[in-house]
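As a basis for the values below, the full set of heavy atoms in this structure was taken, side chains included, without hydrogen atoms, waters or symmetry mates.
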Amino acid sequence: MADEEKTEETPKSSKKLLIIIIAAAVILLGGGGVGAFFLMGSDDDEVVEEVRLPAVYTHIRTKSGRPMFVSTVLSDDERTHYLQAYVVAKSRDPLVAPALEKHMPLIVSRLNTMFSTQEFAKLSTIEGKQNLRSDATKLLREILQQRIDIPGVEEVLFTNFVMQ
């Protein structure tokens, strides 16, 4: 009888022991992983935080202060069509807004030329407007690259765009 009691207790003890070993392994591995993450993550000297500066929006205005561009656009229907666009340059570099203000006459002149060479039919589509916005962004980046040696403009936005 004594032998039967021992065999019954042995499986219960081994199950408890197995559960304790598994729990200890999970705790050790989990804790070790977290500890390794914090200890080996990085040194203070090597930490480079990327700080995202707030966006700065600069209104592109004519010398007289008009907040919009008004241009005639090309058309196949022999009628005169007009484009009115309010243009804003978005940037995050603090050097860009003053550079845009300084070179505003050049920017306005180049954008006027760009707007007046557009085709009414193409600008009537969403893709046409997106392409014009992309081209205006490239133009401003090129001007800033030439003038201050950084492209600086994240994107050009049309805050109002009317054609008739």
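Residues L132 and F158 are in side-chain contact: their nearest non-hydrogen atoms beyond the backbone lie under 4.5 Å apart. In this structure, H81 and Q164 have side chains that are not in contact, with every pair of non-hydrogen atoms separated by 4.5 Å or more. Within the 4.5 Å cutoff, side-chain heavy atoms of L53 are placed close to those of P94. Looking at N131 and K122, their side chains never come closer than 4.5 Å, going by heavy atoms from C-beta outward. By the 4.5 Å heavy-atom criterion applied to side chains, S71 and N112 are counted as neighbours. Using a 4.5 Å heavy-atom cutoff, the side chains of K129 and F161 are in contact. Between T159 and Y57, every side-chain heavy-atom pair lies at or beyond the 4.5 Å cut-off.
The side-chain contact (heavy atoms from CB on, under 4.5 Å) test applied to S124 returns F120, M163, not counting sequence neighbours. Annotation: side-chain contact (heavy atoms from CB on, under 4.5 Å) contacts of A89 (sequence neighbours excluded): I60, L100, L140, V153.
Using modelled atom types and a 3.5 Å distance limit, the side chains of S91 and D93 yield no donor-acceptor pair.
No continuous path of hydrophobic side-chain contacts links I143 to L157 [ILVMFWY only; heavy atoms under 4.5 Å]. Under the 4.5 Å side-chain contact rule for hydrophobic residues, L83 and Y86 do not share a cluster. Cluster membership for I150 and M104, using ILVMFWY side-chain heavy atoms within less than 4.5 angstrom, is shared. By the criterion of side-chain heavy atoms lying less than 4.5 angstrom apart, applied directly or through intervening Ile, Leu, Val, Met, Phe, Trp or Tyr residues, L106 is grouped together with F69 in one hydrophobic cluster.
Atom CG of D77 sits in a crowded spot, with more than 12 heavy atoms from other residues, nucleotides or ligands closer than 6.0 Å. Heavy-atom neighbours of I126 CD1 from other residues, nucleotides or ligands within 6.0 Å: at or below the threshold of 12.
To the nearest 0.5 Å, atom CZ of residue R147 and atom NE2 of residue H103 are 6.0 Å apart.
In terms of modelled atom types and a separation under 3.5 Å, the side chain of R141 and the main chain of A136 share no donor-acceptor contact. Looking at S109, its side chain never comes within 3.5 Å of a backbone N or O of P105 through a donor-acceptor pair. No donor-acceptor pair under 3.5 Å is formed between the side chain of H59 and the backbone N or O of V88. Checked by atom type and distance alone, the side chain of T137 pairs as donor or acceptor with a backbone atom of V156 at under 3.5 Å. Here the side chain of R61 pairs no donor or acceptor atom with the backbone of R66 at under 3.5 angstrom. Put simply, the side chain of S75 never gets that close to the backbone of E78: no donor and acceptor are under 3.5 Å apart.
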Practice problem: Evaluate the side-chain contact (heavy atoms from CB on, under 4.5 Å) criterion for residues E101 and T58: first the C-alpha distance (whole Å), next the side-chain angles of each, then the deciding distance (0.1 Å), finally the verdict. | Solution: CA-CA 8 Å; E101 294 292 334; T58 305; 3.6 Å; yes
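The nearest pair of heavy atoms linking L144 to P151 is CD1-O, 3.3 Å. M114 approaches Q118 most closely through the heavy-atom pair O-NE2, 2.9 Å.
Only one option out of I107, T113, V108 pairs with L111 in a side-chain contact (heavy atoms from CB on, under 4.5 Å); it is I107.
Under a 4.0 Å N-O distance rule, the pair E142/R110 does not qualify as a salt bridge.
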